[in-house]
Number of protein chains: 2
Amino acid sequence: MTHQSDHRAYFFKIDTTIKKIRNALQKQLNEAGFDLTVDQWVLTDHIRRQPGVSQNELAELTFKDPPTVTRIVDLLEKKGFVERTAAAGDRRKFNLFLTNKGNELYDKAFPVVAEIRRKGWGDLEETDYQHFVRIMDSIYNNFS
Amino acid sequence: MTHQSDHRAYFFKIDTTIKKIRNALQKQLNEAGFDLTVDQWVLTDHIRRQPGVSQNELAELTFKDPPTVTRIVDLLEKKGFVERTAAAGDRRKFNLFLTNKGNELYDKAFPVVAEIRRKGWGDLEETDYQHFVRIMDSIYNNFS
DNA sequence: TCATAATTATTGGTCTACTAACAATTGACG
DNA sequence: CGTCAATTGTTAGTAGACCAATAATTATGA
């Protein structure tokens, strides 16, 4: 990697790619009539898979900040998809669960999200995925 | 790519990687004492390389929205790094230039940004870069 | 020419990211 | 036990991303 111009490009390329994925997913969610943002979906997905998870755990799992999680959970709660329950044995914590409405939403939205994911990966191969993971992890770890 | 779990991961991995890069770069800019965010740097960089560029051109180059560009340019102008000049022949447009202060900032900040970029790529190879570009472009184009 | 469409930039509103500061609670330790 | 530190979650403020709507200007076409 001797050419400076190539070095400059990798930040830009990752940035534009994630924007494109987000836009495509948001557009699909909107067109399918879901009252849900991409990040709200991400939290919903984690709560579904790990019922009772706390907000701090959610922050670690999603690489979001605790204040960001607070606000997204606020919105999900206001929409009636998620409920905060006092955690047994620690009055600082909440356990998060999907409501019935939240579970219904999840069941309907999941196929839409899965389809977008499949579409984005297209006909890239298993070996591509290995390259992809190795390169992304390498960049990530170079900053850790 | 038969395993669903792998499919789900690529969005997440791109998202966490770009966050990590942004955080590292912002931290370096802060520690070096620059009054500049990452996105403000991105616009500054483009204006330096293409003096007189318009805001809409900047939006296309950076994949940002015109309103976002307006607001970032507002901040750069307020800080005295950028000036808007009425475009000759089209009173709707501005031509953007770096001020002397902006050029001085650029000269000082560039090495810091370049170092972070180099650090992030680490000892990944030229062939890795080719894989990287091919895979990112493929995902991008699958949504276009 | 003149009405209409397109372009350029802006403003307003919502959502997410990040920092800093804070309250409430819990844990650690003398 | 009682003080101090750490943890959990929240609020406030700034910045950026996106959508929708708008004003001003320019381009188009009957």
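None of these values were measured; they are calculated from a predicted model. Chain naming here is simple, since letters A, B, ... match the order of the sequence lines and numbering starts at 1 in each.
For the pair B:Leu61 and B:Gln50, the minimum side-chain heavy-atom distance is below 4.5 Å.
Classification of B:Lys101 and B:Glu104 as a salt-bridged pair fails, no side-chain N sitting under 4.0 Å from a carboxylate O.
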With sugar-phosphate taken as primed atoms, P, OP1 and OP2 and all else as base, the protein-contact string of nucleotides 6-13 of chain D at under 4.0 Å (heavy atoms; B, S, -) is BBSSBBBB
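Comparing A:Asp65 and A:Gly89 by the nucleotide of DNA chain C whose heavy atom lies nearest to each, the residue mapping closer to the 5' end is A:Asp65. Take the nearest nucleotide of DNA chain D for B:Arg91 and for A:Asp15: the residue whose nucleotide is more 5' is A:Asp15.
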Verify side-chain contact (heavy atoms from CB on, under 4.5 Å) between A:Val73 and A:Arg84, making sure each step is shown before the conclusion. CA-CA 9 Å; A:Val73 171; A:Arg84 287 175 163 108; 3.5 Å; yes
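The salt bridge (Lys or Arg N to Asp or Glu O under 4.0 Å) contacts involving residues 24-39 of chain A comprise A:Arg22-A:Asp39, A:Asp35-A:Lys79, A:Asp39-A:Lys64, where partners must be two or more places apart or lie in separate chains.
To the nearest angstrom, P of C:dA17 lies 14 Å from CG of B:Asp39. Distance CD1 (B:Ile18) to C1' (C:dT16): 15 Å, rounded to an integer number of Å. A:Trp41 has its CH2 atom 19 Å from the C1' atom of C:dC15, to the nearest Å. As rounded to whole Å, 13 Å separates atom P of C:dT8 from atom CG of B:Leu96. Here the C1' atom of nucleotide D:dA17 and the CG atom of A:Asn23 are 9 Å apart, to the nearest Å. Between the CD1 atom of A:Ile72 and the C1' atom of D:dA17 there is a distance of 14 Å, rounded to whole Å. The distance between atom NZ of A:Lys79 and atom C1' of C:dT14, rounded to the nearest whole Å, is 10 Å. B:Lys19 has its NZ atom 12 Å from the P atom of C:dT19, to the nearest Å.
No hydrogens or angles considered: a donor-acceptor pair under 3.5 Å links the side chains of A:Asn30 and A:Gln26.
Qualifying ring pair (Phe, Tyr, Trp, His ring centres under 6.0 Å) partners for A:Phe97, counting only residues two or more places apart in sequence or in other chains: none.
Across all strands, A:Gln40 comes closer than 4.0 Å only to sugar-phosphate atoms, never to a base (heavy-atom distances). Contacts of B:Thr37 with the nucleic acid, taken as non-hydrogen atoms under 4.0 Å apart, involve only primed sugar atoms and P, OP1 or OP2.
The phosphate of D:dG16 has neither OP1 nor OP2 within less than 4.0 Å of any side-chain N or O from B:Lys64.
Not less than 6.0 angstrom separates the ring centroid of B:Trp41 from the ring centroid of B:Phe34.
Closest to the side chain of B:Leu75, from the set C:dC18, D:dA17, D:dA15, is D:dA15.
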